[in-house]
Amino acid sequence: MKPSQPLLEVRNLNKIYVQHRWFPGKRFQVKALDNVSLMIPQGSTLALVGESGSGKSTLAKCCTMLEEPDSGEIYFEGNNLAIMSQQELRRRRPQLQLIFQDAATAFNPRFSAAEIIAEPLVIQRRGSDGERRKRALELMEQTGLPVEAAGRLASEFSGGQRQRLAIARALTLEPKCLILDEALSGLDLPIQRQIVRLLLELQARASLTYLFISHDLGLMAQIADKVAVMHQGKIVEERTPADLFSKPQHAHTQALLAAMPVLENRTTAGGA
Ligand code: ADP
Ligand code: MG
């Protein structure tokens, strides 16, 4: 394991969306990504913050090639995903998992918790029924879900538990990198802390790499090695959380910090 080796690196990513407005003949171009470059060493966490519409989700989707950039390179373990064949991409994608805020809405409502967690193994045709079930139970335990609830439907779990299910499912294929796009937003603070603790434990155990997208600077201070600030499709600043809080450089970062007065209470969470 080489901690300084970049696991995920994007170079000069550009993405323009064409938006159609209600009045006829009018089209607008939105530069969602404007020459974005970033690098995440293996086993570390980069937090990405920025106001709504600044391009964070577009970047997350491009990193996993769910969305194709107009130009630029996306290196995962040194291989450029942007020019990879579909077949090769399918082979590598399990290593790089994206978790959305509303990930649980995509669950099959007729599936039990264990089936939801084991499904990626079924899709990849890995393991026997028994082995898949064992892995699902293992992951439930790891993510702090009650193992005795393995047969319950996802809709019968609380919001926090459903998000744990989404995380457990994302871990099924033993990814090297998780991209969490507002994945903890909307959850109660104690649940967020528990999940953050879990993510840190997993990182310590398996050297997981995180791209952690959040508009919550307090949460990010607990988890990030570096913070990148996004504004209008550009990364305008990238620094350690301590540096960002003590001497924000960019006017936009200062505005973001000023808009978030709850920090003191959040950083005393005792590591999660
Ligand atoms: P964030 O996640 O930071 O809120 P997004 O990446 O979702 O920002 O969006 C960046 C910009 O791109 C916004 O102006 C948004 O309206 C636009 N956008 C995102 N996805 C699409 C799409 N599929 N079609 C058109 N415009 C989009
Ligand atoms: Mg978003």
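We're numbering straight along the sequence, starting at 1. For ligands, and for the atoms within them, numbers begin at 1 and follow the listed sequence. The figures that follow rest on heavy atoms only: side chains count, while hydrogens, waters and symmetry mates do not.
Atom numbering of ligand 1 starts at 1 in the shown order; those under 4.0 Å from a heavy atom of E51 are 3 (O).
With a 4.5 Å cut-off on side-chain heavy atoms, N79 and M84 count as touching.
Side-chain atoms of H215 and E51 form no donor-acceptor pair, as typed in the model, at a separation below 3.5 Å. Judged by distance alone, the side chains of S185 and Q101 never bring a donor and an acceptor atom under 3.5 Å apart. Using modelled atom types, one finds no donor on one side chain facing an acceptor on the other under 3.5 Å when comparing Q232 with S54. Inspection of the Q222 and R193 side chains reveals no N or O donor paired with an N or O acceptor under 3.5 Å.
Of the polar atoms of K61, none of the N or O atoms is found under 3.5 Å from an N or O of ligand 1, judged by distance alone.
Contact between G55 and ligand 1 is present, with at least one heavy atom of the residue lying under 4.0 Å from the ligand.
Because the distance cut-off is set at 2.8 Å, T58 fails to qualify as a neighbour of the Mg ion (ligand 2), as none of its N, O or S atoms comes that close.
The shortest contact between atom 10 (C) of ligand 1 and any protein heavy atom is with G53 O, 3.4 Å. S57 CB, 3.7 Å is the protein heavy atom nearest to atom 7 (O) of ligand 1. Closest to atom 19 (C) of ligand 1 among all protein heavy atoms lies Y17 CE1, 3.4 Å. At the top of the distance list for atom 6 (O) of ligand 1, counting protein heavy atoms only, stands T58 OG1, 2.5 Å. With hydrogens left out, the protein atom closest to atom 14 (O) of ligand 1 is V30 CG1, 3.4 Å, a heavy atom. Atom 26 (N) of ligand 1 has Q19 NE2, 2.9 Å as its closest protein atom, hydrogens excluded (heavy atom only).
Without hydrogens or angle criteria, Q124 side chain to L121 main chain gives no donor-acceptor distance under 3.5 Å.
A salt bridge links R239 with E237: the closest approach of a Lys/Arg side-chain nitrogen to an acidic carboxylate oxygen falls below 4.0 angstrom.
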| message | Test salt bridge (Lys or Arg N to Asp or Glu O under 4.0 Å) on E88 and R92; report intermediate values, then the result. | response | CA-CA 6 Å; E88 172 119 38; R92 291 195 186 266; 3.2 Å; yes
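Using a 4.0 Å cut-off between heavy atoms, M230 makes no contact with ligand 1 at all.
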